[in-house]
Amino acid sequence: MTLAEMKAAAKSLDMPSFTATQIAKWVYGKHVNSIDEMTNLSKQSRTRLAEAYEVGNRPPIDAQHSKDGTIKYLFPVADGKFVETVYIPDGDRATLCVSCQVGCKMNCLFCHTGKQGFEGNLSVCDILNQVYALPERDTLTNIVFMGQGEPMDNLDNVLRATEILTADYGYAWSPKRITVSTVGIKGKLKRFLDESECHLAISMHSPFAEQRADMIPAERGYPLRDIIELLRQYDFTHQRRLSFEYIMFGGKNDTMTYSREIVRLLKGLECRVNLIRFHQSPNAPLPPTDEARMEPFRDYLTHHGVFTTIRASRGQDIYAACGLLSTKRVKEADNKYHQT
């Protein structure tokens, strides 16, 4: 809940309005597991509150550890479903890759999550619980909405979650510690830009419309060129950062023809490009690029004014790397269990 919602809840239970601030501190500041732990509330208030509400803390039910230190957690969510969340430690930084949907509607060619199909939006509670119940929660420096699902397709709940993460009454994080990724959905992207100060990452993967549509069906409804035209109306020269994600596929999008088109598309736009190694996804008819092609590609973009990095690959051995998250097998195992 936001603080305003907590105040409304307190009022509905005939509790003083100031108790909402106390509740917020217990939940978002001290991360209590039960209402009974809120000891500066009267016993009567705690009883009323517990009859109507719960904290909502649900610990992960499984964890897979990569040889590189990455940990992939399996979290239970509403309706008996599950999502995967990835914790990525890196020196003095620790990033959490959170999910916002069970499965995904976008059905991108290279993404294992899309092959799962769409099974529902996560509630604000389900999104925040991936942070709240994370064993390494206190080490986090960054959060990226790059797990399962398309954030703009669950925008109301993503915006409420980021509000709580950045609000003084909540986690009090700076918006620049949070990045939200999207393929681009018409109408929703503008709303995000107007209502949030978090960083934005656009999934590009090809600068050519026809090829991008083959990879990302959403291109047909909201072309990359229209997305870039919208982005040019906003200022990314200060705290908010704009990046373009670019997975490289061997013989598909890794030649200088593509780097030259990217330079042309992004000319004059304050942004960066992140090149990503492709991790072979089951049933994805795309080969990974030769590693030797990535550095010249990066160097060409940087030399022509587009700051570009090669993102380090993490957690591939536990299917935690980019595009590999899926809980379809969990659902199948759960169905099999109930059938027997």
Side-chain angles (χ1 to χ4, degrees), residues 68 88 90-93 95 97 108-111 141-142 144 146 176-184 189 193 198-216 218-219 222-280 286-314 316 321-323:
D68 64 22
I88 310 167
D90 184 17
D92 59 354
R93 291 169 56 89
T95 300
C97 181
C108 297
L109 183 63
F110 48 84
C111 183
T141 59
N142 299 85
V144 293
M146 296 182 181
K176 66 182 181 180
R177 295 172 64 182
I178 303 170
T179 300
V180 178
S181 176
T182 181
V183 298
L189 179 56
L193 288 164
C198 296
H199 293 326
L200 176 66
I202 303 292
S203 296
M204 177 187 286
H205 311 313
S206 176
F208 297 106
E210 186 175 343
Q211 185 184 41
R212 186 172 187 264
D214 289 339
M215 294 181 182
I216 305 173
E219 163 74 16
Y222 194 22
L224 179 64
R225 280 163 176 74
D226 292 351
I227 292 171
I228 292 172
E229 184 178 336
L230 172 67
L231 295 172
R232 290 188 186 281
Q233 300 172 26
Y234 292 83
D235 184 4
F236 295 99
T237 60
H238 298 292
Q239 287 197 345
R240 176 184 268 185
R241 186 173 66 232
L242 170 64
S243 59
F244 289 86
E245 308 296 293
Y246 195 90
I247 300 176
M248 297 189 70
F249 307 106
K252 301 290 185 181
N253 66 349
D254 58 351
T255 66
M256 288 302 130
T257 299
Y258 289 85
S259 56
R260 285 193 290 269
E261 182 64 11
I262 291 172
V263 169
R264 192 188 70 79
L265 270 178
L266 302 183
K267 185 176 182 180
L269 184 63
E270 185 69 28
C271 64
R272 64 177 61 192
V273 171
N274 293 320
L275 303 181
I276 303 168
R277 295 171 176 85
F278 178 56
H279 308 102
Q280 198 70 50
L286 294 164
T289 192
D290 186 327
E291 294 282 333
R293 287 183 177 271
M294 297 188 77
E295 290 188 8
F297 200 98
R298 175 201 62 194
D299 294 345
Y300 181 91
L301 292 176
T302 299
H303 180 72
H304 288 82
V306 181
F307 178 70
T308 304
T309 62
I310 298 174
R311 188 193 293 174
S313 178
R314 300 292 299 273
Q316 187 174 0
C322 181

Indicate yes or no for a side-chain donor-acceptor contact from [X] to the backbone of [Y] under 3.5 Å, with no hydrogens or angles considered.
| X | Y | value |
| --- | --- | --- |
| Arg177 | Thr141 | yes |
| His304 | Tyr300 | yes |
| Tyr246 | Asn253 | yes |
| Arg212 | Met204 | yes |
| Arg225 | Pro207 | yes |
| Thr308 | Val306 | yes |

Distance alone, cut at 3.5 Å: any donor-acceptor contact between the side chains of Gln211 and Tyr258? yes
Between Asn274 and Thr309, is any side-chain donor less than 3.5 angstrom from a side-chain acceptor? yes
Using a 4.5 Å cut-off on heavy atoms from C-beta on, say whether the side chain of [Y] contacts that of [X].
| X | Y | value |
| --- | --- | --- |
| Leu286 | Leu109 | yes |
| Pro287 | Lys252 | yes |
| Leu231 | Phe244 | yes |
| Arg241 | Thr179 | yes |
| Val273 | Phe307 | no |
| Asn142 | Ile178 | no |
| Arg232 | Leu269 | yes |
| Leu224 | Leu265 | yes |

Determine whether more than 12 heavy atoms belonging to other residues, nucleotides or ligands lie under 6.0 Å from atom CZ of Arg93. no
Would you indicate whether Glu261, at its atom CD, is surrounded by more than 12 heavy atoms from other residues, nucleotides or ligands within a distance under 6.0 Å? yes
To the nearest 0.5 angstrom, please state how far the OG atom of Ser181 sits from the CD1 atom of Ile202. 7.5 Å
Say you draw a straight line from CZ of Arg272 to NE2 of His199; how long is it, rounded to the nearest 0.5 Å? 8.0 Å
Can you say whether the rings of Phe110 and Phe249 are parallel (under 30°), tilted (30 to 60°) or perpendicular (over 60°)? tilted
Identify the heavy atoms of [X] and [Y] that sit nearest to each other, and give their distance.
| X | Y | result |
| --- | --- | --- |
| Ala218 | Gly184 | CB-O, 4.2 Å |
| Met294 | Leu275 | O-CD1, 3.8 Å |
| Val183 | Cys108 | CG1-SG, 4.1 Å |
| His205 | Ile247 | ND1-N, 2.9 Å |

Sidechain N-carboxylate O distance under 4.0 Å for Glu291, Arg277: yes
What's the verdict on side chain to side chain contact (heavy atoms under 4.5 Å, CB included) for Asp235 and His238, showing C-alpha distance, side-chain angles and the deciding distance? CA-CA 7 Å; Asp235 184 4; His238 298 292; 3.0 Å; yes
What verdict does the side chain to side chain contact (heavy atoms under 4.5 Å, CB included) test give for Cys271 and Ser243, after you've listed the backbone C-alpha separation in whole Å, the side-chain angles of each residue and the deciding distance to 0.1 Å? CA-CA 5 Å; Cys271 64; Ser243 59; over 6 Å; no
Under the criterion side chain to side chain contact (heavy atoms under 4.5 Å, CB included), I'd like the reasoning laid out for Leu193 against Leu230: C-alpha separation, chi angles, the key distance, then a yes or no. CA-CA 10 Å; Leu193 288 164; Leu230 172 67; 4.0 Å; yes
Check against side chain to side chain contact (heavy atoms under 4.5 Å, CB included), Thr182 and Leu200: CA-CA 8 Å; Thr182 181; Leu200 176 66; 3.9 Å; yes
